[in-house]
**Q** 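One structure, as structure tokens, below. Some questions next.
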Amino acid sequence: MQEIPKQFNFQTDEEKIYALWEKSGFFNPDKIRAKQKYCNVLPPPNANGELHLGHASGYTVMDIFGRYERMKGKKVLLLPGKDHAGIPTQVVYEHKIKKERGLTRQDLGREAFFKEVYAFCIDRADYMRAQEKKIGISADWSREKFTLDGDVSKIAMETFVRMYQDGMVYKGKRIINWCPRCGTALSDLEVLHAERDAKFYYIKYPVKNSDEFITVATTRPETMLGDTAVAVNPEDKRYFKYIGRHVILPLKNKELPIIFDKRIDKDFGTGAVKITPAHDPLDWQIGQDHDLESIQVIDEQAEITLAGGKYRGQGVLQARENILNDLKKLGLLEKEEAIKSNISICERCKTTIEPLISEQWFISVDAEKYSLKKEALEAIKSGKINFYPENFQKVMTQWLSGLHDWCISRQTWWGHRFPVWYRGKEIYVGLDAPKGEGWTQDENVFDTWFSSGQWAYSTLGFPKGKDYQNFYPTDMMIMGWDILFFWSARMIMLSLYRTGKIPFKNLYFTGLIRDKEGKKMSKSKGNGIDPLEMIKKYGADAVRLSLVMDVSPGQDSRLYEEKIEGFRNFVTKLWNIYRYALQSSSKFKLVEKISKKDLKSLADKWIVSELEETKAAVSGFMDNREISLSQTRLRRFTWDQLAAWYIETNKIEKNEKVLGHVLHELLKLWHPFMPFVTEKIWGIFEKDKKVLMMAQWPKVEKKMIDAKAAGSFAVLQELIIKIRNIRASYHIDSARKIEAYTKDIAEQGVIEKLSRIKIVIGRSKEKMLRISSKGVKLSLDIAKTIDVKKEREALGKEIKNLENLIAKTEALSQNENFLSKANVDIINATNARLDEYKQKLEIQKELEENLKSLA
RNA sequence: GGUCGCUUAGCUCAGUUGGUUAGAGUAUCACAUUGACAUUGUGGGGGUCAGUGGUUCGAGUCCACUAGCGACCACCA
């Protein structure tokens, strides 16, 4: 007998198993001989931190599909990478040098800063890679990419150059979102909105040549320094009399035109709005349309500019206070009102965004020569990309439809610097610096999503690389829904433009992992769960299961330690099934193939039949990307059928070959979900074979499906459960063997053992409790122990239930509409069901008679 | 304002193209047990599938509306 520990020792074994897989070489698709291919370019995590649950959950899904496809005999490439993650990484590193050395990036200078951050990222990447391996992802590390790698960068740059040549990028002065803390422009997507308590200030603007006033309401009085008009709705009768007239801007004594624009809501505030084109997106638009001057009064540090006169140099909040005081002195502040207001904040640092006019680079999403927007919409509409869940297709379509030009220049240092050079009024856009003297390179770097948006093909060596030829378009892309717009939409647009093809055939969204209360996990709240700590405590397999089981795509899920613990117990259960097998016989081994001849007992036929049904169901679910359903089905087979019933019968009527076969197939079926424990067990049994990871996914043997055996076994189970039930409700000592009489019975041994009774063949004595399932009857010698009244009540309830069912089913089976419209299979099944109910009813009535006789 | 979700057992969630008497995990209660099982086994209780209406022979599943919750997008001067 082999000695094997009571549970899987994941703490020491996981690392060895991962090393074994790496050594086997099969993470690398070049080592796999197969015609069919499967590729998933993995989303690169930001190379500035730690592996968190979001990564863990995504990787688990990616790995499950990857391992499944590999076992199905495909050349599988899971291509890992890291993202330089422009702004977030810069923010992290700036904090670091401030804290550790008291330095700013300016102290270091651009070049030195970049070098340091680069080294930092490489170091973090090593650290994170080790973490990624812990979750078990079967990625080809030899192909790992970084967004700043030369080849990857070059492709991204080329795309920019081409787009420039195709008239799809332009540089222009526009109102943009400015983060004063990060010191850069941001795209609309990088701006969040938050509701804050604010004040609405009503300010009186004197009307020129009169003693009247027009009152405007604003939450940002400091911007009035840059006002260039007051606008009202053209249908607002209150202001008709001011057509063609002017107001005087207080504090600056400047004449402002009164303009009419239908974008002004006459029911909001006073219906009159101060227009500051330089510091408000809507005002900017109105300013453009009415040819208004833009006066920048707030600078990039969120301080008042020279144009702000005496308020120059003050921070916006300080200026606001001073301006309000001055207005009060002049009697021009009519009133203040507390309101809730939506403000824009920086996604990364939560600083209030200052909208201001700035010269930036933009991608035109709807250019004349090539419309990124239209092409993407069309590709999605054509259904070339399968969305999981499907409704995210709508979300994507809607977002694309309303897409504006995308600001891609960032005034940070960490990232791809624009391949643009200037000399006087000359501009040069190209991959390499232009020849000649006096050129200076554009200071900006690309929005990080511009390079990651090209990840699907830039990592594969577009356009000539072997991987690109082999694996593009990729098969699968998996990400959290929170980066749907940031990433997947941009990947679709940029890939279509650059390669003419969709980047991936399937787009699968995972939900967010929340805490037990459904709250978002975050460092500041301290409610986060560290996946690595959990792996250490419960094992990677348990963590994997807890992240994907009973979870559906795109739907958020909650995670808490008890849940992981439950899955750890399941891993232990699986382990012990194999431990039992090993201990049951010194010769036990896994069996690859069996034939019908090997099936001896009813239980053998039943379990093999169930195995085949399970294989078919699991494969079907997996092909539909239904991870959770696959697992649920497998779990039921493993625990409720195999462990609870078959192994119990196997203790009575051993059939090592059948058990060995079932366990052989079971390991394969579980492997994509629980790679470590299954590989470990496989290694114990199949020392000389290649790794389980490369074993062939089970094929369904239809001829082994045996409905008759399944039916007979169900009868057996019913009888046994009935006896157990009686024992439980009357607390009959488990040691007491109830005597049972019957004329003739199959599977006597199994019934006796599993329900702890002693069967005597022969006529039953008087006053015995009868039980029955289908045609099988047993008389139990416990008439004295039971409460006849209680049993009759229970039986009565059951009889009534059956009668109701029969009435309902009978009505259905005779309904003409049903007969003419329903599918034949359904009709047959309904009739069969009806017969079954009737049979059952008959049995119950017999039992009722029996009970009456006992009273 | 627009869009998209969610609402199923005490809790956390599944529910595959509409078709058995709606499931699992967990919790709880009773009994048993250290026998492959960091426990496990057996059994019980627990749901008018948010509500209303519709389509259908048949609705947890499809449609409409309502309510509550959530998210996203836009805008809020």
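Remember, predicted model here, so these are calculated numbers, not experimental data.
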**Q** Any luck finding a side-chain donor-acceptor pair between A/Gln398 and A/Ser401 under 3.5 Å?
**A**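 No, because no side-chain N or O of A/Gln398 sits under 3.5 Å from a partner of the opposite role on A/Ser401.
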**Q** By the 4.0 Å heavy-atom rule, please label A/Ile721 as base, sugar-phosphate, or nothing.
**A**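 The answer is sugar-phosphate, as A/Ile721 gets under 4.0 Å only of primed atoms, P, OP1 or OP2.
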**Q** Partner lookup for B/U61, please. Criteria are Watson-Crick or G-U wobble with both distances under 3.5 angstrom; report none if nothing qualifies.
**A**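 Pair assignment: B/U61 / none.
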**Q** With a cut-off of less than 4.0 Å, is there a side-chain N or O of A/Lys519 near OP1 or OP2 of B/A71?
**A**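 False: A/Lys519 side-chain N/O out of range (4.0 Å or more) of B/A71 OP1/OP2.
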**Q** Give A/Asp283 one of three labels, base, sugar-phosphate or nothing, depending on what nucleic acid heavy atoms sit under 4.0 Å from its own.
**A**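 Here A/Asp283 touches no strand at all.
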**Q** Starting at the 5' end of RNA chain B, which residue's closest nucleotide do you reach first, A/Arg220 or A/Leu192?
**A**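 The residue closer to the strand's 5' end, by nearest nucleotide, is A/Leu192.
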**Q** Ignoring hydrogens and angles, are the base of B/C4 and the side chain of A/Lys394 linked by a donor-acceptor pair under 3.5 Å?
**A**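 By the distance-only test, no, there is no pair.
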**Q** Heavy atoms from C-beta onward define the side chain here; which of B/C31, B/U21, B/G19 lies closest to that of A/His731?
**A**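 Of all the options, the side chain of A/His731 is nearest to B/C31.
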**Q** Specify the separation, in whole Å, of atom CG of A/Leu841 and atom C1' of B/U21.
**A**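 Rounded to whole Å, this separation is 14 Å.
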**Q** Would A/Lys722 and A/Glu718 pass as an ion pair if we require N to O under 4.0 Å?
**A**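 Here A/Lys722 pairs with A/Glu718 in a salt bridge, since their nearest N and O are under 4.0 Å apart.
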**Q** I'd like the C1' distance from B/A24 over to B/G47, given in whole Å.
**A**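 So the two C1' atoms sit 14 Å from each other.
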**Q** Under a 3.5 Å threshold, yes or no: a donor from one side chain and an acceptor from the other, between A/Asp188 and A/His404?
**A**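 Side-chain D/A pair, A/Asp188 to A/His404: absent.
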**Q** Charged N to carboxylate O under 4.0 angstrom, A/Lys204 versus A/Glu334?
**A**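 The answer is no: the pair does not qualify as a salt bridge.
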**Q** Which whole-number value in Å describes the distance from A/Glu562 CD to B/A24 P?
**A**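 Going from CD in A/Glu562 over to P in B/A24 covers 21 Å.
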**Q** Go through the steps for A/Ile726 and A/Ile771 under the test side-chain contact (heavy atoms from CB on, under 4.5 Å), then give the verdict.
**A** CA-CA 10 Å; A/Ile726 290 164; A/Ile771 59 165; 4.0 Å; yes
**Q** At less than 4.0 Å, is any side-chain N or O atom of A/Thr632 found next to OP1 or OP2 of B/A24? Yes or no.
**A**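 Checking B/A24 against A/Thr632, no side-chain N or O comes under 4.0 Å of OP1 or OP2.
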**Q** Which listed nucleotide (B/U21, B/G43, B/U12) is nearest to the side chain of A/Leu805?
**A**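 For the A/Leu805 side chain, the nearest candidate turns out to be B/U21.
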**Q** Rounded to the nearest Å, what distance is computed from the CD atom of residue A/Glu561 to the C1' atom of nucleotide B/G25?
**A**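 Atom-to-atom, A/Glu561 to B/G25, this comes out as 17 Å.
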**Q** Applying the Watson-Crick and G-U wobble criteria at under 3.5 Å, what pairs with B/G45? Answer none if nothing qualifies.
**A**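 Pair assignment: B/G45 / none.
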**Q** Determine which nucleotide pairs with B/C6, using a 3.5 Å limit on both distances of a Watson-Crick or G-U wobble pair.
**A**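 B/C6 is paired, partner B/G68.
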**Q** Out of B/C73, B/G43, B/A36, which has the shortest distance to the side chain of A/Phe485?
**A**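 Ranking B/C73, B/G43, B/A36 by closest atom to the A/Phe485 side chain puts B/C73 first.
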**Q** Using the C1' atom in both, what is the distance from B/A74 to B/C49, to the nearest Å?
**A**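 Result for the C1' pair: 35 Å, nearest Å.
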**Q** How is A/Asp482 classified with respect to the nucleic acid when contacts are heavy atoms under 4.0 Å: base, sugar-phosphate, or nothing?
**A**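 Nothing, no heavy atom under 4.0 Å.
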**Q** Write down the partner of B/U40 under the Watson-Crick or G-U wobble criteria, each distance required to be under 3.5 Å.
**A**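 Pairing partner, where one exists within any strand: B/A32.
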**Q** Out of B/U21, B/G15, B/A36, which nucleotide sits closest to the side chain of A/Leu629?
**A**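 Per side-chain heavy atoms of A/Leu629, the pick is B/G15.
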**Q** Given that both distances must come in under 3.5 Å, which nucleotide forms a Watson-Crick or G-U wobble pair with B/C11?
**A**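 Pairing partner: B/G25.
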**Q** With rounding to whole Å, what would you report as the distance between B/G2 and B/G10 at their C1' atoms?
**A**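 Between the two C1' atoms, the distance is 38 Å.
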**Q** By the 4.0 Å heavy-atom rule, please label A/Arg724 as base, sugar-phosphate, or nothing.
**A**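 Sugar-phosphate contact only - A/Arg724 comes under 4.0 Å of backbone atoms but never of a base.
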**Q** Give a yes or no on whether the ring-centroid distance for A/Phe10 and A/Tyr538 is below 6.0 angstrom.
**A**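 That pair fails the under 6.0 Å test.
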**Q** Kindly determine whether A/Glu337 and A/Lys335 satisfy salt bridge (charged side-chain N to carboxylate O under 4.0 Å, His left out), including the steps that lead there.
**A** CA-CA 7 Å; A/Glu337 196 177 280; A/Lys335 61 173 175 174; 3.7 Å; yes
**Q** Report the nucleotide, chosen from B/U21, B/A36, B/U12, that has the shortest atom-to-atom distance to any side-chain atom of A/Ile577.
**A**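 Shortest atom-to-atom distance from the side chain points to B/A36.
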**Q** Rounded to whole angstrom, note down the C1' distance from B/G54 over to B/U61.
**A**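 Those two atoms are separated by 15 Å.
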**Q** Quick check for you: among B/A71, B/A36, B/G43, whose closest atom lies nearest to any side-chain atom of A/Trp481?
**A**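 Side chain of A/Trp481 sits closest to B/A71.
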**Q** Distance alone, cut at 3.5 Å: any donor-acceptor contact between the side chains of A/Lys573 and A/Thr638?
**A**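 No, no side-chain donor-acceptor contact under 3.5 Å.
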**Q** Please state whether the base of B/A14 and the side chain of A/Gln631 form at least one donor-acceptor pair under 3.5 Å?
**A**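 There is none.
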**Q** Just how far, in rounded Å, is P of B/U12 from CD1 of A/Ile529?
**A**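 Taking CD1 of A/Ile529 and P of B/U12, I get 15 Å after rounding.
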**Q** Could you check which of B/G5, B/U39, B/U42 has an atom nearest any side-chain atom of A/Gln555?
**A**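 Looking only at side-chain atoms, A/Gln555 lies closest to B/G5.
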**Q** Given side-chain contact (heavy atoms from CB on, under 4.5 Å), test A/Leu716 with A/Val750 step by step and report yes or no.
**A** CA-CA 9 Å; A/Leu716 199 71; A/Val750 173; 4.0 Å; yes
**Q** Across the strands shown, which category fits A/Ser552 at heavy-atom distances under 4.0 angstrom: base, sugar-phosphate, nothing?
**A**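 Contact class for A/Ser552: sugar-phosphate only.
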**Q** I'd like the C1' distance from B/G19 over to B/C62, given in whole Å.
**A**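 It works out to 14 Å between them.
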**Q** Of the listed nucleotides (B/A36, B/U12, B/G41), which one gets closest to any side-chain atom of A/Ile647?
**A**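 So the side chain of A/Ile647 is nearest to B/A36.
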**Q** Using purine N1 to pyrimidine N3 plus N6-O4 or O6-N4 for Watson-Crick, or N1-O2 and O6-N3 for G-U wobble, both under 3.5 Å, which nucleotide pairs with B/C75?
**A**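 Paired with B/C75, as far as the under-3.5 Å criterion goes, is no nucleotide at all.
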**Q** For A/Glu798, which contact category applies under a 4.0 Å heavy-atom criterion: base, sugar-phosphate, or nothing?
**A**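 Counting heavy atoms under 4.0 Å across all strands, no contact is made by A/Glu798.
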**Q** Using the C1' atom in both, what is the distance from B/C6 to B/A50, to the nearest Å?
**A**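 Comparing C1' positions in B/C6 and B/A50 gives a spacing of 11 Å.
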**Q** If you take the centroid of each ring, where Trp contributes its six-membered ring, are A/Phe621 and A/Tyr68 closer together than 6.0 Å?
**A**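 So the answer is no for these two rings.
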**Q** Between B/G58 and B/G53, how many Å separate the two P atoms, rounded to a whole number?
**A**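 B/G58 and B/G53 have their P atoms separated by 16 Å.
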**Q** Using a heavy-atom cut-off of under 4.0 Å over every strand shown, decide if A/Trp639 touches base, sugar-phosphate, or nothing.
**A**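 Sugar-phosphate, no base atom in range.
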**Q** For nucleotides B/U48 and B/G43, find the distance between their C1' atoms and express it as a whole number of Å.
**A**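 B/U48 and B/G43 have their C1' atoms separated by 27 Å.
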**Q** Checking all strands, does A/Lys274 fall into the base, sugar-phosphate, or nothing category for heavy-atom contacts under 4.0 angstrom?
**A**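 Sugar-phosphate only.
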**Q** Which nucleotide wins on minimum distance to the side chain of A/Arg756, given the candidates B/G35, B/U39, B/G44?
**A**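 So the nucleotide nearest the side chain must be B/G35.
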**Q** Send over the distance from A/Leu484 CG to B/G5 C1', rounded to a whole Å.
**A**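 So the two atoms are 13 Å apart, to the nearest Å.
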**Q** Quick one: A/Glu517 CD to B/C11 P, roughly how many Å, whole number?
**A**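 The distance from CD of A/Glu517 to P of B/C11 comes to 13 Å, rounded to the nearest Å.
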**Q** Report the distance from atom CG of A/Asp825 to atom P of B/G18, rounded to the nearest whole Å.
**A**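 Interatomic distance, CG of A/Asp825 to P of B/G18: 15 Å.
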**Q** Using the side-chain heavy atoms of A/Gln398, tell me which of these nucleotides is nearest: B/U39, B/A30, B/G2.
**A**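 Nearest listed nucleotide: B/G2.
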**Q** Using the closest heavy atom to pick a nucleotide of RNA chain B for each, name whichever of A/Phe621 or A/Tyr578 lands nearer the 5' end.
**A**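 Taking each residue's closest nucleotide, the earlier one in sequence belongs to A/Phe621.
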**Q** Figure out the CG/P separation between A/Leu802 and B/U20, and round it to whole Å.
**A**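 Nearest whole value for this atom pair: 17 Å.
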**Q** Counting the atoms with a prime plus P, OP1 and OP2 as sugar-phosphate, which does A/Lys537 contact under 4.0 Å by heavy atoms, base, sugar-phosphate, or nothing?
**A**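 Result for A/Lys537 = nothing.
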